[in-house]
Amino acid sequence: MTDTARPIVLSGIQPSGRLTLGNYLGAIKNWLPLSERYDCYYMLVDLHAITVRQDPAQLRERSYEFLALYIACGLDPQRNVLFAQSHVPAHARLGWILNCYTQMGELNRMTQFKDKSAKHVDNINAGLYSYPVLMAADILLYQASQVPVGDDQKQHLELTRDVAQRFNNLYGKVFTVPEPMIPPVGARIMSLKEPTKKMSKSDEAETNAIYLLDPPDTIVRKLKKAEMDSGNEIRFDIAGKPGVSNLMSILSATSGESFDAIAERYNGQGYGKFKQAVADAVVECLAPVQAKYRELRADEEGLRKVLRSGADRASAKADATLKKVHDVLGFIPE
Ligand code: ATP
Ligand code: LTN
């Protein structure tokens with residue numbers, strides 16, 4: 001981790017809702033091998049989470065839960081910097097500065113803002129509006145060159161790049177201009193009941209998602225009720241057979257079997273047997289994660305220690321960038 005020549009990766013998930021199989025297969029699992037080649041920073045994005053109203057006790061519980069799950073999924077806190085965004089003051093400080101280098105016209109175009117303000121009409125706050133600016137600060141503080149996110153975050157990454165380039169044009173090369181790292185199409189896990197919509201942790205209907213902490217019988221029940229397509233053919237065809245294709249993606253990602261092998265094995269056997277196989281694979285994949293989670297969650301002091309050490313390591317990097325920014329802007333050195 002001390003080798004400063006290594007490129008930097010940074011990402012984060014908001015501790016709102018509960019982590020789903022989609023978050024695991026589409027994000028966290030892809031983060032695991034990156035620490036071999038990059039210095040990796042992964043955040044609990046709690047400052048962003050309060051752009052929609054959160055229950056304080058639940059936010060705190062979810063934050064511990066997310067951290068314990070990150071580690072239980074295999075993110076080693078020695079090899080990755082795991083921290084809470086609110087523990088590193090540089091995020092809010094650079095966020096303010098970058099607000100002054102972002103145009104309202106740019107923020108007006110953000111589709112996540114439009115979606116979220118339509119969903120929370122009684123609380124369209126300024127934080128929700130400038131959410132992408134804080135995200136730009138998160139990324140630019142660490143000089144991250146790669147940002148692994150789903151394609152819903154591509155627009156925010158574009159804005160981050162524009163703001164970084166604008167700032168660099170004015171003041172010299174202060175920021176690394178980051179690239180998005182988007183997982184392959186198969187890594188998009190869809191809702192169980194509406195397989196043309198992505199599986200999402202803030203979905204109100206519980207049966208749409210498999211949560212990482214769902215007990216085995218719940219997983220079996222949810223998969224039994226998963227929406228299937230007409231006919232009984234098992235074949236990967238996202239447009240024609242979205243339900244079957246989604247379960248094939250889940251089975252392939254959890255068991256390691258290829259789509260061809262899955263199609264050959266289950267075609268002609270009926271959906272019941274196929275669904276049971278998917279349920280078995282998911283239960284088997286999540287069992288060690290859940291066992292490890294319980295052990296880690298029981299040691300709250302241990303989790304706080306991880307966060308304290310993460311915040312120290314993150315601050316060292318973030319404060320160096322903030323200092324550079326203050327210098328070029330003309331602020332008196334502290
Ligand atoms: P929310 O419903 O609160 O917006 P979400 O479940 O969509 O949450 P995010 O916090 O937006 O999750 O995303 C966290 C990470 O998980 C992102 O990198 C995102 O691309 C990935 N991710 C989320 N849902 C899926 C999914 N269904 N399939 C694959 N990857 C996903
Ligand atoms: N907006 C992201 C979460 C997020 C993030 C970041 C991701 C906040 N800051 C920095 C990558 C890098 C989301 O909703 N998934």
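What you see is a predicted model, and the numbers here were worked out from it, not measured in a lab. In listed order, ligands and their atoms are each counted from 1.
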Between [X] and [Y], how do the two ring planes meet: parallel, tilted or perpendicular, split at 30° and 60°?
X: Phe259; Y: Phe236; result: parallel
X: Phe331; Y: His326; result: perpendicular
X: Tyr101; Y: Tyr171; result: perpendicular

Please check whether [X] reaches ligand 1 - meaning an N/O of the residue sits under 3.5 Å from an N/O of the ligand, judged on distance alone.
X: Met199; result: yes
X: Ile189; result: yes
X: Asp203; result: no
X: Lys116; result: no

Just which atoms of ligand 2 are under 4.0 Å from any heavy atom in [X]?
X: Tyr131; result: 1 (N), 2 (C), 3 (C), 13 (C), 14 (O)
X: Leu10; result: 10 (C), 12 (C)
X: Ile139; result: 10 (C), 12 (C)
X: Gln14; result: 14 (O)
X: Val149; result: 7 (C), 11 (C)
X: Val147; result: 11 (C), 12 (C)
X: His48; result: 8 (C), 9 (N)

Open item on the list: On a heavy-atom basis, I'd like to know which of Gly22, Ser249, Ser16 is closest to atom 31 (C) of ligand 1.
Closed with: Gly22
Open item on the list: Minimum distance, heavy atoms only, to atom 10 (O) of ligand 1: which one of Gln14, Met181, Lys201 is it?
Closed with: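 Among Gln14, Met181, Lys201, the closest heavy atom to atom 10 (O) of ligand 1 comes from Lys201.
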- [ ] Go through the steps to decide whether Asp312 and Ser315 satisfy the test side-chain hydrogen bond (donor to acceptor under 3.5 Å, both in side chains), and finish with yes or no.
- [x] CA-CA 5 Å; Asp312 283 348; Ser315 292; 5.7 Å; no
Open item on the list: Please evaluate residues Ser145 and Glu179 with respect to the criterion side-chain hydrogen bond (donor to acceptor under 3.5 Å, both in side chains), reporting the C-alpha separation (whole Å), side-chain torsions for both, the decisive distance (0.1 Å), and the verdict.
Closed with: CA-CA 6 Å; Ser145 58; Glu179 300 279 347; over 6 Å; no
With heavy atoms of [X] as the reference, note each atom of ligand 1 found under 4.0 Å away.
X: Ser200; answer: 1 (P), 2 (O), 6 (O)
X: Val149; answer: 18 (O), 20 (O)
X: Ala27; answer: 15 (C), 16 (O), 18 (O), 21 (C)
X: Gly26; answer: 29 (C), 30 (N)
X: Arg188; answer: 28 (N), 29 (C)
X: Ile13; answer: 10 (O), 14 (C)

Task: From Cys40 atom SG to Leu75 atom CG, the distance as rounded to the nearest 0.5 Å - done: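 Going from the SG atom of Cys40 to the CG atom of Leu75 covers 8.5 Å.
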- [ ] Using non-hydrogen atoms of the residue, decide whether Thr20 is closer than 4.0 angstrom to ligand 1.
- [x] no
Open item on the list: Give me the nearest non-hydrogen protein atom to atom 3 (C) of ligand 2 as residue plus atom name, then the distance to 0.1 Å.
Closed with: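 Going by distance alone, atom 3 (C) of ligand 2 is nearest to Gly12 O, 3.6 Å.
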Task: Distance from atom 9 (N) of ligand 2 to nearest protein heavy atom, with residue and atom - done: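 Checking every protein heavy atom, the shortest distance to atom 9 (N) of ligand 2 gives Asp138 OD2, 2.7 Å.
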- [ ] Could you tell me if the ring centre of Tyr129 sits under 6.0 Å from that of Phe113?
- [x]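 Tyr129 vs Phe113: aromatic centres under 6.0 Å.
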Open item on the list: Check for me whether the distance between the ring centres of Tyr70 and Tyr42 falls short of 6.0 Å.
Closed with: no
Open item on the list: Are any of the N/O atoms on Gln153, whether in the backbone or the side chain, positioned under 3.5 angstrom from an N/O atom of ligand 2?
Closed with: yes
TODO: State whether the side chain of Asp39 and the backbone N or O of Ile8 hold a donor-acceptor pair below 3.5 Å, judged by distance alone.
DONE: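 Checked: no pair found.
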Task: Lys154, NZ: over 12 other non-hydrogen atoms inside 6.0 angstrom - done: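 No.
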Open item on the list: When you compare the side chains of Gln165 and Asn169, does any donor N or O come within less than 3.5 Å of an acceptor on the partner?
Closed with: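 Side chains of Gln165 and Asn169: no pair found under 3.5 Å.
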